[in-house]
Amino acid sequence: MTRDVYEYAVIRVVPRVERGELINAGVLLYCQPRGYLCARVELDAGRLRAVDPGADIDGVRRALSAYELACGDEAGPLEGESLGGRFRWLTAPRSTIVQAGPVHAGLTADPGTELARLFDKLVRL
């Protein structure tokens, strides 16, 4: 079984940047040798409201869905970018409500299975 290097970042929601509180809402995974880039997101609205009762839930959902869309075939403004270029753009530091955390690396034989494992471990309670 051949394992390849992959990179991933947790997609997080920081509703009040000045407070620094956040919830994990997705995972972005890139595996260059396999030509794989995928994001999986899921917003726990109850957890978000616990951190910020006035959070714009619909706005946050739209921002999260942009990560999934940027990984697909119709990537909008990122359509002409390589998968690696998209990953770097999506993980670039930002001070917005929805942002990617630090990039980490690992080895996998199946990027899709690894994405599901990381999502269950890092996003779901």
Side-chain angles (χ1 to χ4, degrees):
M1 168 176 18
T2 303
R3 296 188 324 160
D4 293 305
V5 172
Y6 70 90
E7 298 172 85
Y8 76 94
V10 174
I11 302 167
R12 52 196 187 182
V13 179
V14 187
R16 295 176 59 194
V17 177
E18 68 277 8
R19 290 182 57 95
E21 298 169 328
L22 61 92
I23 63 168
N24 293 344
V27 177
L28 176 66
L29 190 139
Y30 171 57
C31 183
Q32 189 264 335
R34 306 243 177 163
Y36 183 90
L37 175 66
C38 191
R40 186 167 175 193
V41 299
E42 181 178 285
L43 179 62
D44 184 332
R47 286 180 66 206
L48 179 55
R49 282 190 191 98
V51 174
D52 182 4
D56 177 3
I57 302 294
D58 291 333
V60 170
R61 281 197 173 110
R62 282 191 301 276
L64 287 169
S65 70
Y67 281 84
E68 292 176 316
L69 293 172
C71 296
D73 293 334
E74 296 179 21
L78 296 178
E79 188 173 6
E81 289 290 326
S82 68
L83 295 181
R86 291 182 202 184
F87 180 77
R88 299 288 170 243
W89 189 85
L90 292 167
T91 58
R94 321 182 146 69
S95 55
T96 60
I97 291 172
V98 176
Q99 56 187 253
V103 174
H104 305 280
L107 293 171
T108 187
D110 182 349
T113 300
E114 189 64 22
L115 177 61
R117 185 188 74 76
L118 288 168
F119 185 82
D120 287 343
K121 179 179 179 182
L122 301 171
V123 177
R124 291 206 168 131
L125 293 177

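As the structure is a computational prediction, the values presented were derived from the model and not from experiment. For the numbers below, each heavy atom of this structure counts, side chains included, while hydrogens, waters and symmetry mates do not.
At a threshold of 4.5 Å between non-hydrogen side-chain atoms, the residues V60 and P15 do not count as touching. Between L22 and V13, every side-chain heavy-atom pair lies at or beyond the 4.5 Å cut-off. For the pair Y30 and L90, the minimum side-chain heavy-atom distance is 4.5 Å or more.
Following chains of ILVMFWY side-chain contacts shorter than 4.5 Å, one can reach W89 starting from V98, so the two form part of one hydrophobic cluster. I57 and V41 end up in the same hydrophobic cluster when Ile, Leu, Val, Met, Phe, Trp and Tyr side chains are linked at under 4.5 Å.
Not counting sequence neighbours, the partners of D4 by the side-chain hydrogen bond (donor to acceptor under 3.5 Å, both in side chains) test are R34. E21 is linked by a side-chain hydrogen bond (donor to acceptor under 3.5 Å, both in side chains) to R19, counting only residues two or more places apart in sequence or in another chain. Residues passing the salt bridge (charged side-chain N to carboxylate O under 4.0 Å, His left out) test with R47: none are found, sequence neighbours excluded. A search for side-chain hydrogen bond (donor to acceptor under 3.5 Å, both in side chains) contacts involving R117 returns E114, not counting sequence neighbours. For R124, the salt bridge (charged side-chain N to carboxylate O under 4.0 Å, His left out) partners two or more places apart in sequence, or in a different chain, are E42, D120.
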message: Assess the residue pair N24 and I11 against the criterion (side-chain contact (heavy atoms from CB on, under 4.5 Å)); give the C-alpha distance rounded to whole Å, side-chain angles, the decisive distance to 0.1 Å, and a yes or no.
response: CA-CA 6 Å; N24 293 344; I11 302 167; over 6 Å; no

- request: Before giving the answer on side-chain contact (heavy atoms from CB on, under 4.5 Å), spell out for V14 and V51 the whole-Å C-alpha distance, their side-chain angles and the decisive distance to 0.1 Å.
  value: CA-CA 9 Å; V14 187; V51 174; over 6 Å; no

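Taking a 4.5 Å side-chain heavy-atom cut-off between Ile, Leu, Val, Met, Phe, Trp and Tyr, the cluster of L122 extends to Y6, Y8, V10, V27, L29, Y36, L115, L118, F119, V123.
Scanning both residues, L48 and A55, for their nearest heavy atoms gives CG-CB, 3.8 Å. When every heavy atom of A100 is checked against every heavy atom of A9, the shortest pair comes out as CB-CB, 4.2 Å. Pairing each heavy atom of P102 with each of R12, the nearest pair is CD-NH1, 4.1 Å.
Atoms CD and NE2, from E7 and H104 in turn, are 11.0 Å apart once rounded to the nearest 0.5 Å. To the nearest 0.5 Å, atom OH of residue Y67 and atom CD of residue Q99 are 7.5 Å apart. Taking OG of S82 as the reference point, atom CZ of F87 lies at 12.0 Å (rounded to 0.5 Å).
Panel note: side chain R16, backbone D52; no donor-acceptor pair is recorded below 3.5 Å. Without hydrogens or angle criteria, R3 side chain to G106 main chain gives no donor-acceptor distance under 3.5 Å.
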